[in-house]
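Notes for the one structure printed next.
Nothing here was measured: the structure is a model prediction, and the numbers come from that model. Letters go in sequence order (proteins before strands), and every chain restarts at 1.
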Amino acid sequence: MYTEKVMELFMNPKNAGRMEDPDGVGEVGNPRCGDIMKIYIKVKDERIVDISFETFGCASAIASSSMVTEMVKGLTLDEALAISNKDVVNALGGLPPQKIHCSLLAEEGIQAAIEDYRAKRKAGVEAKA
Amino acid sequence: MYTEKVMELFMNPKNAGRMEDPDGVGEVGNPRCGDIMKIYIKVKDERIVDISFETFGCASAIASSSMVTEMVKGLTLDEALAISNKDVVNALGGLPPQKIHCSLLAEEGIQAAIEDYRAKRKAGVEAKA
Amino acid sequence: MTERYVYMDHSATTAVDRSVLEAMLPYFSEEFGNPNSLHIWGRKARKAVNEAREKVAALVGADASEIIFTGGGSEADNLAIKGAAFARRDKGRHVITTAIEHHAVIDAFHWLEDQGFEVTVLPVDERAMVGISDLESAIRPDTILVSMMYANNEVGTFQPVAEAARICNDRGIIFHVDGVQAAGHIPFNVRDMGIDMLTMSAHKMYGPKGVGGLYIRKGVKIQPIVHGGGQERGLRSGTENTAGIVGFGAAADLASMRFTDGSIEEEVRLRDLLIDSVTSSIEDAYLTGHRTERLPFHASFCIGSLEGESMLLRLDAAGIGASSGSACTSGSLEPSYVLLAMGITHELAHGSLRFSLGKDTTREDIVYVAENLKKIVADLRALSPLWKNRG
Amino acid sequence: MTERYVYMDHSATTAVDRSVLEAMLPYFSEEFGNPNSLHIWGRKARKAVNEAREKVAALVGADASEIIFTGGGSEADNLAIKGAAFARRDKGRHVITTAIEHHAVIDAFHWLEDQGFEVTVLPVDERAMVGISDLESAIRPDTILVSMMYANNEVGTFQPVAEAARICNDRGIIFHVDGVQAAGHIPFNVRDMGIDMLTMSAHKMYGPKGVGGLYIRKGVKIQPIVHGGGQERGLRSGTENTAGIVGFGAAADLASMRFTDGSIEEEVRLRDLLIDSVTSSIEDAYLTGHRTERLPFHASFCIGSLEGESMLLRLDAAGIGASSGSACTSGSLEPSYVLLAMGITHELAHGSLRFSLGKDTTREDIVYVAENLKKIVADLRALSPLWKNRG
Ligand SMILES: Cc1ncc(COP(=O)(O)O)c(C=O)c1O
Ligand SMILES: Cc1ncc(COP(=O)(O)O)c(C=O)c1O
């Protein structure tokens, strides 16, 4: 059912766990639906320098989280925003049709974290101003 | 499906075959229904001294024919007429429900042969008179 | 008791081939998982079912996604016919079949009649073949389904399935074929022929009993008759009979092999030897069904002045397994409706006999059967009041 | 990869017992006859089917003439429900079932709804038990059929079947029981309990897949869903799955033996050990279903802050086969309707896990599962944004 890559990342997820003092946090999904993805980022010079995730969900949700965090680590925020769920699916070697929504969560999780970071920064700049 | 007795008589029927110059012949059944029984008797002093049958039909029809001819051989005509299909079934150790009609044919075959004999004798007596 | 055992009733059922049984064996006690389970036991079972589906599909030129497994040929017939009729009942309520279908088809149509469908039953000629012009004239604007068997189980005759398919395809009518006797015994391709649904049964082709297959052409919609867990694309719910399905796959493989190694041609030679022996050496013995357009393994007869069951039981005593459409074997008073539909008289129809050869049938078997039959017929005719040439 | 394999998914399916397979083996390639054939091959097969019928009947206290073999449990459920409803539709069109039935039952009722029947679905309490008073108040003068499972497949709870039967018996309502999980695992007597129809499935009791049984009390009339040759008293046409049926018979024998040799009691001990280990050693882990009124081999849980599929796959990697009612295992977004019907929240229901023990499960297996589960839960909770006690 799952590709080897999905299983590998599910069994040994990269960038897993909570982050202390993140610059941005994105949380997407809904416990009612059985999927929550929380992405933590640290940003320096508009670039994601550190990232981690916490995920409540199935194997493909965990693997997608792991994959997307690896993919965007080191990218600029704009580059990271350009990563689509399709890119995640491809990097995973494919997902079963009914699991595509997990990759969508991954895409949305990154977006939410970046938005959070930008909102905070804006608020910070405004506060300083 | 069939008792041993039925199979034994079917494989080795007694009193089988046409009889030359019978005193009475009874034919019952219908080729359309797949069953014809023809009973030949020789009668002496109101007693069945010889009997044979020809049967077109299934194993139980053949076994019933064989059985009924053995049962009535040596009986008086009235005794033979008293043999019922139940007696034949019992002597065979039973018949499957859908085969009971074969034993009925056997009973009717004997009756028809005796009737034929009596009709002929009556005609003979009348002709002589 | 008997010197020899010769099974010649392969139209009734076949022995599971050793290679088929070998393929099945691991799936009972070792790889026993439920194909719907996520864990390794389940995944192995799912893989086995998928592979079997590929093989069955390949046998008839279908795609694996077009094959549904059922609990037998009868169930597949019922599913195809009731399922397609119900799925299309808004389009029309007229359905067509033939006078010589298997009971699984006929009775499914009777049931449709009870549910408000109108059924036309096509007649057959004296060799059990449906006339294409009869089909054409039976079709109405509200006809939604035609079901016609590939080859008849009692008399072996092939139907003009390809022509019938073309006619149905042209008119947008779903065309179902009961291929239980033909599949695995002669090569054909459902796609080339334009068949919309095809019924198969594993136990008629050296596979296990209790597993059937239904080919449903992509795009054809049917309703299930067994609802539930959604297995088999929702068309046949229930935990898959993994071992049985694997056996069906192996049987399909075996059948495919037999199409190319000369087996079928040899079967035809033996069949013809039996037909010729019986009709030439036994007076008043007639082949039933078509002489050439018939199943390669199938030889059926009517023997004058005799009743089928009595011949069967004598053959059985000689170690020979055969069958008959006689009334006495069915428990009814009417002999085979197939033979009557062909215009054979009741009297003669009572004397029907079917020998169906198998992949292991030998020339010696044929000789043994023909000789024994000859003797048995003579013995029984000596008892028959209908037999003319006595004494 | 893993040090050990522990299959704990016997509610999904069981391995065919070696003694069962031994009993089946002759009926594939040697005694392969069609039970409907007159000859010796057929008669031997018929005898085998009859003997198996006796054994299955004996398992539940029925008469052999009251047992029908089908192509599985789902088919038997469909046959019972649709068959009884259609046979009695002149008497009324109201039918009753419960919120936690297997899909084979639920979907058969949905189909009846499409055919113009009115369906009442009884609720269950937080331990998945139906209230007898709810049944009583749901019954109407036009109620013709009630279907209630003996024990639930997801949470193991027994239903008050005997009381429900009495209520239905008193009112002349046909009472069907889906006994697929219970039959062969706990002793009971259909006649004493007043059950009118009982569904069984061989593969849930160490028999083969693809064979089901339906007990139909003498006098209860139902319509077939598979029409045809008239096998199984006309209620399930199709060549009998001889080997499968023989296997079912052998499995029934085995089950009967296990009722008296202390096996069931040991199963209960191991089940309770697992329940106690999991609920005591893992925080926020809850037993689902009834604590005592449950299948002897069945332990089901909800694990807070986690999702079922992820636990299943980790367990699988540790060689442990289990199952879950999680949405992700069913391909839908909704978690198990059974758990939701019990009032469990969506969030918690996503974390469901089922361990179903088997006759060969050992104390070591239980310990292995409990230890691995504990570790897996901790690992996954470290990833879970819902888990509170982190760091
Ligand atoms: C309660 C219940 N009913 C019915 C079924 C269906 O049985 P089968 O898989 O044999 O079709 C199952 C198992 O899948 C079950 O657990
Ligand atoms: C032409 C035909 N259709 C359908 C069937 C039914 O198949 P099964 O016995 O697998 O139910 C048979 C054989 O019995 C058959 O010969």
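By a heavy-atom distance cut of under 4.5 Å, D:G238, D:T239, D:E240, D:N241, D:T242 are the residues of residues 238-246 of chain D near chain C, going up by number.
Between D:K209 and C:F32 the shortest heavy-atom distance is NZ-O, 2.6 Å.
Ring centers of D:H39 and C:Y7: under 6.0 Å apart, within the cut-off.
Contact annotation for C:I106: neither backbone nor side-chain heavy atoms come within less than 4.5 Å of a heavy atom of chain D. Within the 4.5 angstrom heavy-atom criterion, only backbone atoms of D:T14 (N, CA, C, O) approach chain C. For a residue to count as touching a neighbouring chain, one of its non-hydrogen atoms must lie under 4.5 Å from one of that chain's; by this rule C:L79 does not touch chain D. No part of D:A45 comes within reach of chain C, as not one of its non-hydrogen atoms sits under 4.5 angstrom from that chain. In this structure, chain C has no heavy atom under 4.5 Å from any part of D:I81. C:D107 touches chain D through backbone and side chain together, each having a heavy atom under 4.5 Å away. C:Q115 touches chain D through its side chain: at least one heavy atom from C-beta onward sits under 4.5 Å away, while N, CA, C and O do not. With a threshold of 4.5 angstrom between heavy atoms, D:F109 does not approach chain C through any atom at all.
In this structure, C:D316 CG and D:S37 OG are separated by 10.5 Å, a value rounded to the nearest 0.5 Å. To the nearest 0.5 Å, atoms CE (D:M24) and CZ (C:F28) are separated by 4.5 Å. With values rounded to the nearest 0.5 angstrom, D:I40 atom CD1 is found 14.0 Å from C:L315 atom CG. Once rounded to the nearest 0.5 Å, the distance linking CG of D:N36 with OG1 of C:T13 reads 10.0 Å. A distance of 7.5 Å separates OG of D:S237 from CG of C:N78, quoted to the nearest 0.5 Å.
Taking chain C as the reference chain and counting heavy-atom pairs below 4.5 Å, the highest number among D:A322, D:A108, D:P208 is found for D:A322. Per-residue counts of heavy-atom pairs under 4.5 Å with chain C were compared for D:L313, D:I225, D:I320; the largest is that of D:I225. With chain D as partner, the option from C:R43, C:Q223, C:H110, C:Q231 having the largest number of non-hydrogen pairs under 4.5 angstrom is C:R43.
Within 6.0 Å of NZ in C:K359 there are more than 12 heavy atoms belonging to other residues, nucleotides or ligands.
When atom types are taken as modelled, the side chain of C:S29 and the backbone of D:V16 share a donor-acceptor pair closer than 3.5 angstrom.
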